[in-house]
2 protein chains.
Amino acid sequence: MKARVFVTLKPSVFDPQGHTIGEALQSLGYDTVADVRQGKYFELDLRTTSAADAEALARDVASRVLANPVIESFRVELLDQAPAAAAPGGGR
Amino acid sequence: MKARVFVTLKPSVFDPQGHTIGEALQSLGYDTVADVRQGKYFELDLRTTSAADAEALARDVASRVLANPVIESFRVELLDQAPAAAAPGGGR
């Protein structure tokens, strides 16, 4: 099972990298880009078939290793809900 | 309207940073983590209310500025309209 972890700076924390990208885009003529925030993105390949286990593990790894909880927040999404095609909605 | 852009190394490109994170997690006892791939994540705040415009703009910015198309692929997701479209397979 795969899990995606998104780590972003908390909204109250200034993001100089994102700010610089935003300014660069403005100077390139992308006037409709009002703001940019940059974050990190991780794809974890987990040796478990239980969605609950995978989510718990991903959250544990994210909070203890991938994110700095003082200034960053994270979000976890699970992938691999049986990519066997057929009708969606099996919910496993 | 907000757009999220995910930039990841193409599957054929070795990801030393992700590999190192994976090894670190193994050494910390997270044995069920088989592999880690790291990518970048951007949140763009766009001054447009049209989903089509926002997606076109985000794709343009992603392909020309945020990602290196030689070694990276990107995926765009629009927010502000129920994140139901998290299905993989778009621009990967």
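So you know, we letter chains A, B, ... as the sequences are listed, proteins then strands, and number each from 1.
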| field | Set of residues satisfying salt bridge (Lys or Arg N to Asp or Glu O under 4.0 Å) with respect to B/Lys40, sequence neighbours excluded | value | B/Glu72
| For chain B, the option from A/Leu44, A/Val61, A/Val65, A/Thr48 that forms the most heavy-atom pairs under 4.5 Å | A/Val61
| message | Let me confirm one number: the CG-NZ distance from A/Asp35 to B/Lys2, rounded to the nearest 0.5 Å. | response | 7.5 Å
| Shared hydrophobic cluster for B/Leu66 and B/Val76 (ILVMFWY, side-chain gaps under 4.5 Å) | yes
| field | Heavy-atom side-chain proximity of B/Tyr30 to A/Asp60 below 4.5 angstrom | value | yes
| task | Give me the contact list for residues 15-26 of chain A versus chain B, heavy atoms only, anything under 4.5 Å, ordered by residue number. | result | A/Ile21, A/Leu25, A/Gln26
| said: I'd like to know whether CZ of B/Arg47 has more than 12 heavy-atom contacts from other residues, nucleotides or ligands below 6.0 angstrom. | reply: yes
| field | Atom of B/Glu43, atom of A/Thr8 and distance for their closest heavy-atom approach | value | OE2-CG2, 4.5 Å
| query | Among the clusters formed by ILVMFWY side chains lying less than 4.5 Å apart, do B/Leu9 and B/Val70 turn up in the same one? | reply | yes
| Nearest 0.5 Å, what's the CZ-CZ distance between A/Phe6 and B/Arg4? | 6.5 Å
| said: Under a 4.5 Å cutoff for heavy-atom pairs, which residue among B/Val36, B/Leu28, B/Asp45, B/Asp31 has the most contacts with chain A? | reply: B/Asp45
| said: Could you check whether any side-chain heavy atom of B/Val33 comes within less than 4.5 Å of a side-chain heavy atom of A/Leu46, counting everything from C-beta outward? | reply: yes
